[in-house]
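Read the structure below first, then the notes.
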Amino acid sequence: EDQVEPDPSKKTLVILGTGWGSVSLLKRLDTENYNVVVISPRNYFLFTPLLPSCTTGTIEHRSIMEPIRTILRSKRARVKFYEAEASSIDPDRKVVRIFDNSEIRGDITETEVPYDMLVVGVGAENATFGIPGVRENSCFLKEIGDAQRIRKRIMDCVETAAFKDQSPEEVDRLMHMVVVGGGPTGVEFAGELQDFFQEDIKKLVPDIADRFKVTLIEALPNVLPMFSKQLIEYTEKSFKEEKIDIRTKTVVKRVTDKAVEAEAVAADGTKETVVFPYGLLVWATGNAVRPVVRDLMARIPAQANSRRGLAVNEYLVVQGTHDIWAVGDCAVAGYAPTAQVAGQEGTFLARLFNNMAKTEMLEDKMAQLSASLNVEPGNPAAVSREIEEHDRQLRRIKDVKPFHYSHQGSLAYIGSDKAVADVTWFNGNVAAAGSLTYLFWRSAYISMCFSTRNRLLVINDWLKSKVFGRDLSRE
Ligand code: FAD
Ligand code: NAD
């Protein structure tokens with residue numbers, strides 16, 4: 001049980017990433033069947049749906065992190081974990097090149113890990129479309145570090161705006177929070193920001209309070225394109241009441257350290273350039289392919305026409321390979337890049353791998369039995385019966401159906417204790433919005449949290465910020 005060295009009789013299964021896809025796979029994988037190796041620069045799982053709440057301190061960041069070491073400890077057989085980034089994958093030699101990208105490094109910082117089977121679950125990086133100034137000047141909202149940076153920066157803007165003799169224009173700029181991208185990340189963040197302001201900043205820093213402003217910029221004609229029309233309207237109406245300025249049909253073209261330059265299409269179809277001076281800029285325009293994935297795609301001829309990630313078949317096998325699988329945001333399987341999809345894909349792979357191991361075991365057993373039938377006299381009828389039984393089991397196991405995604409619905413928090421939900425219920429679609437939906441949102445996310453520990457911490461954070469207000473100290 002406590003074996004540390006890889007068992008030569010078992011295949012080596014290497015899993016890249018500790019996000020939604022990889023961790024869902026690990027959760028259900030029978031680790032006794034393989035030598036399992038997990039590689040990720042992040043030694044924890046992150047519950048991303050509550051990340052926007054960390055930017056204002058409604059939830060403390062550690063409440064939505066679960067250490068991978070804790071997750072792996074509960075597995076039946078020992079799993080190796082290396083905190084490292086995969087820099088390249090060689091499908092011919094079947095090795096992954098990894099390097100230690102953390103602050104503290106030992107003598108060895110780079111090496112290779114061989115695999116028999118590989119699962120790529122490295123997620124995606126932030127899209128910037130090469131727009132000048134974005135990387136240098138904006139905050140993203142994907143990782144814990146991003147949320148912490150935003151939280152610090154909001155308070156820095158507020159305290160700098162309150163600085164003695166600050167000019168009114170400068171106060172307006174510093175108190176202007178600009179969000180680019182009207183997908184769920186941008187919308188949820190804008191909602192959280194407005195809550196923070198209404199519930200806390202306004203009371204604690206009253207002198208500059210009326211200058212606080214949130215602007216949400218979106219290139220398309222409306223926000224939340226994946227939601228139904230009535231929920232889009234509800235969100236836009238609700239934002240208007242909360243005084244969040246939504247600028248649709250506005251495409252950001254350039255960013256400097258103090259202003260965002262965009263091209264807006266007016267009602268009559270004319271284009272104009274609009275400049276938004278800002279104190280905080282959060283960039284949430286969706287996903288781009290990670291370099292390690294792009295590199296792998298370039299090595300596989302069958303991936304030549306794929307743009308948004310690794311094209312996979314209905315068993316999540318990377319097209320053009322037979323021993324590499326991909327899950328989540330780095331895989332193109334025909335679904336949206338969401339936690340829901342990544343989670344179901346991971347669960348599917350666990351079932352597939354557990355099955356494959358069982359199949360192999362039964363096939364070996366059958367070969368042994370057949371051989372014994374030929375050499376030993378024994379009881380041929382009993383052996384044949386056993387073979388038949390194994391054969392029946394084998395047929396049952398081999399019948400793994402292709403991956404099928406079951407959509408449970410879309411859910412987003414929009415601020416002021418309101419949420420929007422498009423849910424499938426008894427085969428019908430239900431669109432709901434408002435405060436009751438918010439309670440539903442809360443309970444759904446609580447039940448989805450990784451562990452009981454996470455659940456208790458999140459509930460505690462919610463209560464704490466309700467009773468005492470959010471903590472305005474800037475770490
Ligand atoms: P991730 O969860 O991003 O995990 C990728 C993993 O790979 C990480 O552990 C990372 O450290 C690791 N990694 C990165 N590079 C390498 C490398 N080179 N080598 C090895 N490992 C690497 N979806 C929903 O369905 N509902 C929601 O409410 C929701 N809310 C969201 C809120 C926010 C703020 C964000 C950003 C996303 C949200 N999503 C939501 C989307 C969801 O988080 C993603 O679709 C999901 O995380 C994808 O899972 P994944 O496993 O592919 O990638
Ligand atoms: P997204 O891709 O959903 O939205 C990005 C938005 O940015 C798009 O509407 C796009 O038109 C806009 N945009 C792009 N370039 C622009 C520019 N130059 N100027 C102005 N606007 C521009 O991205 P996201 O919100 O980060 O979400 C990523 C994924 O994660 C999605 O699949 C989403 O469903 C999922 N997610 C889900 C939830 C939830 O269910 N509550 C929350 C967050 C994220």
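Sequential numbering from 1 along the given sequence is applied to the chain's residues. Keep in mind that the numbers below use all heavy atoms, side chains included, and drop hydrogens, waters and symmetry copies. Note that ligands are numbered from 1 as they come in the structure, with each ligand's atoms numbered from 1 the same way.
Under a 4.0 Å criterion applied to the non-hydrogen atoms of Gln340, ligand 1 contributes the atoms 25 (O). Per-residue contacts place Leu141 under 4.0 angstrom from the following atoms of ligand 1 (heavy atoms of the residue considered): 34 (C), 36 (C). Atoms of ligand 2 found under 4.0 Å from any heavy atom of Ile131 (numbered from 1 in listed order, with element): 18 (N). Every atom of ligand 1 with a heavy atom of Ile39 under 4.0 Å away is listed here by number and element: 20 (C), 21 (N).
Arg308 CZ: 12 or fewer foreign heavy atoms inside a 6.0 Å radius.
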Taking distance alone, no hydrogens or angles, what donor-acceptor pairs closer than 3.5 Å link side-chain atoms of residues 243-253 to residues at least two apart or in another chain?
from   : atom 1 : to     : atom 2 : distance (Å)
Asp245 : OD2    : Arg247 : NE     : 3.2
Thr250 : OG1    : Thr248 : O      : 2.8

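Contact annotation: the side chain of Ile15 never approaches that of Ile39 to less than 4.5 Å [non-hydrogen atoms, C-beta and beyond].
Residue Gly121 holds the heavy atom nearest to atom 6 (C) of ligand 1 of all those in Ala339, Gly121, Gly346, Gly186.
In terms of protein heavy-atom proximity, atom 4 (O) of ligand 2 is nearest to Gly183 CA, 3.5 Å. For atom 52 (O) of ligand 1, the nearest protein heavy atom (residue, atom name, distance) is Asp329 N, 2.8 Å.
Expressed to the nearest 0.5 Å, how far CD of Gln340 lies from OG of Ser24 amounts to 11.5 Å.
By the side chain to side chain contact (heavy atoms under 4.5 Å, CB included) test, Pro337 is found to be paired with Asn287, Asp329, residues two or more places apart in sequence or in another chain being considered.
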